[in-house]
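Here it is: the structure, laid out below.
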Amino acid sequence: MASKGAGMSFSHKSYRLTSDTEKSRVTGIVPEKLLNDYLSRIFSPDRASTVATSRTPLNFQNLPEHLDQLLQVDNEDEESEGQVEGRLGPSTVVLDHTGGFEGLLLVDDDLLGVIGHSNFGTIRSTTCVYKGKWVYEVLISSQGLMQIGWCTINCRFNQEEGVGDTHNSYAYDGNRVRKWNVTTTNYGKAWAAGDIVSCLIDLDDGTLSFSLNGVSLGTAFEDLSRGPGMAYFPAISLSFKESVAFNFGSRPLRYPFGKRAPVAGYRPLQDPPRADLARAQKLLGCFRAVLRVELDAVEGRLVDKESSEWQLQGQPTVLLTLAHIFHRFAPLLRKVYLVEAVLMSFLLGAVEAGTPTQAQSVVRQVLDLLWLFMEDYEVHDCLKQLMMSLLRLYRFSPIVPDLSLQIHYLRLTIAILRHEKSRKFLLSNVLFDVLRSAVFFYIKSPLRVEEAGLQELIPTTWWPHSGREGKDGKEAKDETAEQRQRRRAYERGCQRLKKRIEVVEELQVQILKLLLNNKDNGGEASRYIFLTKFRKFLQENASGRGNMPMLCPPEYMVCFLHRLISALRYYWDEYKDSNPHASFSGEAYIPPQIFYNGKVDYFDLQRLGGLLSHLRKTLKDDLASKANILIDPLELQAATMDDLDEDEEPAPAAAQVPRWGQRPTQALAIGGALPLPRPGWLSSPTLGRANRFLSTAAVSLMTPRRPLSTSEKVKVRTLSAEQRTREDIEGSHWNEGLLLGRPPEEPEQPLTENSLLEVLDGAVMMYNLSVHQQLGKMVGVSDDVSEYAMALRDTEDKLRRCPKRRKDILAELTKSQKVFSEKLDHLSRRLAWVHATVYSQEKMLDIYWLLRVCLRTIEHGDRTGSLFAFMPEFYLSVAINSYSALKNYFGPVHSMEELPGYEETLTRLAAILAKHFADTRIVGTDIRDSLMQALASYVCYPHSLRAVERIPEEQRIAMVRSLLAPYEQRPWAQTNWILVRLWRGCGFGYRYTRLPHLLKTKPEDANLPSLQKPCPSTLLQQHMADLLRQDPDVAPSFLNSVLNQLNWAFSEFVGMIQEIQQAAERLERNFVDSRQLKVCATCFDLSVSLLRVLEMTITLVPEIFLDWSQPTSEMLLRRLAQLLNQVLNRVTAERNLFDRVVTLRLPGLESVDHYPILVAVTGILVRLLVHGPASGTDRATSVLLADPCFQLRSICYLLGQPEPPAPGTALPAPDQKRFSLQSYTDYISVEELAQVEQMLTHLTSASAQAAAASLPTSEEDLCPICYAHPISAVFQPCGHKSCKACINQHLMNNKDCFFCKATIVSVEDWEKAANSSATSSAA
């Protein structure tokens, strides 16, 4: 073992305790008197009394006997560890997991931690008490619904009733702030995750009380039942996913209630090891004496020194002295209680008393001596218990204003991890295997701001009076001088808080820097151990979502991610400083070969192109030609067999290699080393076997290490994550490590160290797992502030308006004002904490950096062509979600527009969304939907829409072409929404943000995409017009699909409102399903948006409908007229179904109203009948009037007229009680109203002329399909007949005859008087 302090090498065996034959030589190491003085100084607590009473000088011959006398303890301490009066049960108190529980619970291996896994599970301890004063502690890991307290053995619980719900059971519930004993009353304070509840019972006085973080909550219950047969067990009931840890006394109580406590006389249920504790404290005193005394053999004297200055010089006397100490100390340091009570206290004292350098020196010396004088298994147990205690202390320490407790625990953690051998052991066996080490990177948020000292730190509170919507700076202009002064004082307080939090964050980053160190002196570097454990950590959280003990809480993951990014960027830029050809961290991305060369394990995460086994089969030729990679034939053969693909040739046999699917699948114990069991759904004979090779941890070369020519291929095979070496990651000579299989598009120079690329990949995966959801969840604090600010503002307005004579109302309003003000003071201080820990400028830059990393990664992957399909889906998800977080979660304090390179980033993201939302290489429906929704949201905001307009023209045209693809068999609703947003602001009466009838309702979140101000894109509209004109196949298929979807959506809407009306008219009390209402409103909104797309198409390219020289124009116009008449008739009929449902104003149907759908229809009609050329207007008029559903009354309804006016008369004034476009002058311009009036006049005149010229038609001459038009076409060869409109519409989707199902070869014109047809057209 190399001693870091002395720089010398000492063998563990060289300084064992001497035997009897060696004692004579040992005593002569130093002069006898000096040795006696030294040993007396070390092993005699009271040196003066020892010198006076002892006649025999101390030496190494009589030192063991002296130590035995020194370590003797009182008989009382020895006997106290046995049975104690007032307590029944085992001396080691744990949870009774064999019979003392109800419901489903998950209990830790130490039988002290428990997680609820059912509705309301209950468990008690193995030991009970019937006399005396007793206490135990509960460490709250989650702040949900729990009832903690005491119960008797006769209490019976179930899934609904727990501790406190029965007689002789008593509980405290900090979630609802109540106490329970059959009935319930208010009691105590609200608890939070990280708090410690002490449960105290006094069976002498018959009282029961609780304390929270050492502060008594007062007596909860009195007059407890006592006497024969009455004994109380510690017990808890907790709901699903809630978790706690008990401390009955196996570890030192955090808040003891012994003789020196404010509430004295209580003892823990489990007695501490008093005898061993006394011995350990004496031995620690001896050890500390060694560190404070230096033996100067040359001068023959003892020199007092500071512990931090002591160094192991290799003196035999000192070494033998330490050997005697550790011979007795080592077995004690394996016990949990002693490690925490003795060793931890000593190390924390060194950290608190000295500077970081001095503390580091002491800790390093202590660890050196532990490794030197203790057996390896003893050191391992000691370090394991030490880190567990340290993490527990950090996690459950209270928040104080200067965060001193957290700082001291982190400084000690850093000092321990700076010791290389200890760090490697902890990384390999403890930090990720036994502990939830992400706790070290978390700063918990205080639920009670007064206990955290935030009132002193932020004495003045302030809140944005307009909420999150006020981030345009308008509020700052309107604030008064007093508000401005309060805001500035509040901001100064926030800065003070932020600086203190930054101290803790910097210490957490230092921990990760130590774990990512790759310059250790010997053996495997810490970074590569960390990579293996980090990948396992990601796997547990990615594929173990149903395994609650394995999941890292999202709030921990957020902090872990930010610290990891800071440490990662530090090492990335450090490598750049020494390697000029590398890139800065600001240019970081993941090279695409990492996704397909198998070096990094992506578990069962979905790839863009589907399953990995499928991609390896279908793209094996592309891998060979573009990346010079050959997959091991055995894996291809196995994948082929698993996919039941008999067409593939069997691959030649190869050497058997480890496969992920053959790993052990036993259940994983807490802290165990086995991998997670595969989920049950992966055990199916089809899906499970097909996924066998999804998790490929690494590949290794099977060819000599030499340069590869362009024609040579590299055959690869898979390795498990534990089998990887530094060479497999970083590469060596001609082995490229993680960068194996570089495509020609990628640069030859490496970006950075390969290991940092894997850390970066893991950081992106972390964001996808739970960080984004947590960022959205924490916005709730800001939303609460906005709601309370609005309530306070309303209350203050009422106070100003309230008459002074109404003193009762004034008193109530004043009381409400006080409550809201106090709540806002509390929330504003909590918001300051959240902004400092989650939404600070530095955290925003981290998320922005991650966004840019994903964008570069996607761009580089896209250049590889078909190999882009190997990229995991979460890269696209993180790019979309991180942009959403930056835009929605960090305001109004920080604006995305202030970020460097903001415009360029928007444009790059726009290009990715525009290209990949219809990318055929992406097959997953979820990620395709996410891309579509992201693009739909992107075009709703002016700044991001302009970014779409800035992408290259060919990409814009390709995007519009994809949007104009037929709607069938794809998610067309979002596509239609995108087109509508491009048009909104240009259509008839389509300049509103909120519908007119919703203006008086409660305002919604102004950040919603649907509530953004209209920002049409004329550039993209022009692209759409060009494509519809130039490509003869695009317009008919697109418009036919739009008309089909409009017909479906409006028909579904009508059917649903019929059901709603019938339910409303029933006499019995009934309720309409909210889901049905939501679907109904959705169908209505879809109908309106489809009508708007038709309006845009007619406006941009009217000839598609009006130029009948095009083969499909007449058919499209007839279909359009038919649908418009149906919509108008349904909506405008007198006292019709639509009117009655709108009048009900049911919640969920707020958007259903006359205005949105009627203005959309009016816009189409105006474009056809007013703006079109004369010839086109005539055609549109004739088609509209020829439709049997046309009613002029529906057109009159638009202007509030019950009946059409007589020819040549002026339009009468509209009825004020009826719907009329003239009532919406804020939304419809005067010019638009004039156009409606012109249209009505035109249709009135044309309708009269058509009525005069029409001839009666016999029923035999009507089309047998629609009974609306005369027969005008005959089918060949069957000879059946119909009107042209029906057959043309039918032939767009089907070639079979209506009647006989014969295949139609041609359609010919038919006239009744003619004996032969004239014109034919191919079907």
Side-chain angles (χ1 to χ4, degrees), residues 469 472 474 936-946 948-949 963 976-1001 1003-1025 1081 1084-1102 1124 1127-1128 1131 1142 1150-1171 1197-1200 1214 1219-1240:
E469 293 82 358
D472 55 356
K474 179 180 179 181
S937 174
Y938 217 69
V939 298
C940 292
Y941 300 88
H943 54 280
S944 51
L945 178 59
R946 301 301 168 246
V948 176
E949 294 178 343
L963 293 174
N976 197 77
W977 170 251
I978 295 173
L979 294 174
V980 168
R981 289 301 308 186
L982 300 180
W983 177 245
R984 189 171 182 177
C986 297
F988 182 91
Y990 200 37
R991 293 172 291 277
Y992 55 82
T993 300
R994 299 186 71 206
L995 290 170
H997 67 285
L998 297 179
L999 290 179
K1000 295 182 181 180
T1001 60
E1004 302 175 57
D1005 186 357
N1007 291 322
L1008 289 176
S1010 59
L1011 296 180
Q1012 299 308 303
K1013 295 180 180 179
C1015 51
S1017 173
T1018 55
L1019 178 62
L1020 297 179
Q1021 290 177 20
Q1022 188 59 47
H1023 290 325
M1024 177 179 173
F1084 179 79
D1085 293 337
L1086 288 174
S1087 301
V1088 173
S1089 63
L1090 288 164
L1091 287 169
R1092 288 297 185 180
V1093 170
L1094 290 170
E1095 179 191 16
M1096 176 172 60
T1097 306
I1098 294 171
T1099 304
L1100 297 176
V1101 197
L1124 293 179
V1127 172
L1128 281 172
V1131 176
V1142 169
E1150 293 87 356
S1151 62
V1152 178
D1153 192 67
H1154 293 83
Y1155 180 84
I1157 194 165
L1158 288 182
V1159 292
V1161 173
T1162 304
I1164 297 175
L1165 293 175
V1166 167
R1167 291 294 175 182
L1168 289 173
L1169 304 176
V1170 177
H1171 290 288
Y1197 184 93
L1198 300 176
L1199 293 175
F1219 173 85
S1220 174
L1221 296 179
Q1222 298 174 355
S1223 304
Y1224 296 91
T1225 54
D1226 293 336
Y1227 297 87
I1228 302 175
S1229 65
V1230 177
E1231 293 78 8
E1232 289 174 331
L1233 285 174
Q1235 293 167 4
V1236 177
E1237 294 175 357
Q1238 180 182 350
M1239 177 185 69
L1240 178 57

So CG of L963 and CG of L1020: to nearest 0.5 Å the spacing works out to 8.5 Å
Value for OG (S1151) from CD1 (I1157), rounded to nearest 0.5 Å, stands at 10.5 Å
In this structure, OG1 of T1225 is separated from CG of L1233 (nearest 0.5 Å) by 8.0 Å
Heavy atoms of P1016 and Q1021 approach each other most closely as CB-NE2, 3.8 Å
In this structure, CD of Q1235 is separated from OG1 of T1162 (nearest 0.5 Å) by 11.0 Å
By ring-ring contact (aromatic ring centres under 6.0 Å, His included), F988 pairs with (sequence neighbours left out) none
In terms of heavy-atom contacts, L1091 and I1164 come closest through O-CD1, 3.4 Å
Separation between CZ (R946) and CG (L1019), nearest 0.5 Å, reads 9.5 Å
Does some side-chain heavy atom of L1165 sit less than 4.5 Å from a side-chain heavy atom of L1128? yes
All heavy atoms of M1239 vs all of V1166, minimum pair found to be SD-N, 4.0 Å
Classify the ring geometry of Y1224 against F1219: parallel below 30°, tilted from 30° to 60°, perpendicular beyond 60°. tilted
Side chains of W983 and T1099 in contact at under 4.5 Å (non-hydrogen atoms)
yes
| message | What I'd like to find out is whether the side chain of M1024 reaches to under 4.5 Å of the side chain of T1097, using heavy atoms alone. | response | yes
Residues L1199 and Q1222: closest non-hydrogen pair is CD2-NE2, 3.8 Å
Parallel, tilted or perpendicular, as decided by the 30° and 60° cut-offs, for the rings of Y941 and H943 = tilted
Are Y990 and V980 side-chain neighbours, meaning at least one heavy-atom pair lies under 4.5 Å? yes
R981 meets the side chain to side chain contact (heavy atoms under 4.5 Å, CB included) criterion, sequence neighbours left out, with V939, C940, W977, R984, Q1012, C1015
Worksheet entry | Side chain to side chain, R1092 and V1159, heavy atoms closer than 4.5 Å | yes
Here the pair of heavy atoms bringing N976 nearest to S1089 is ND2-OG, 2.9 Å
Value for CG (L1124) from CG (L1168), rounded to nearest 0.5 Å, stands at 7.5 Å
Here the pair of heavy atoms bringing P1156 nearest to V1088 is O-CG1, 3.8 Å
ring-ring contact (aromatic ring centres under 6.0 Å, His included) filter on H1023, not counting sequence neighbours, yields none
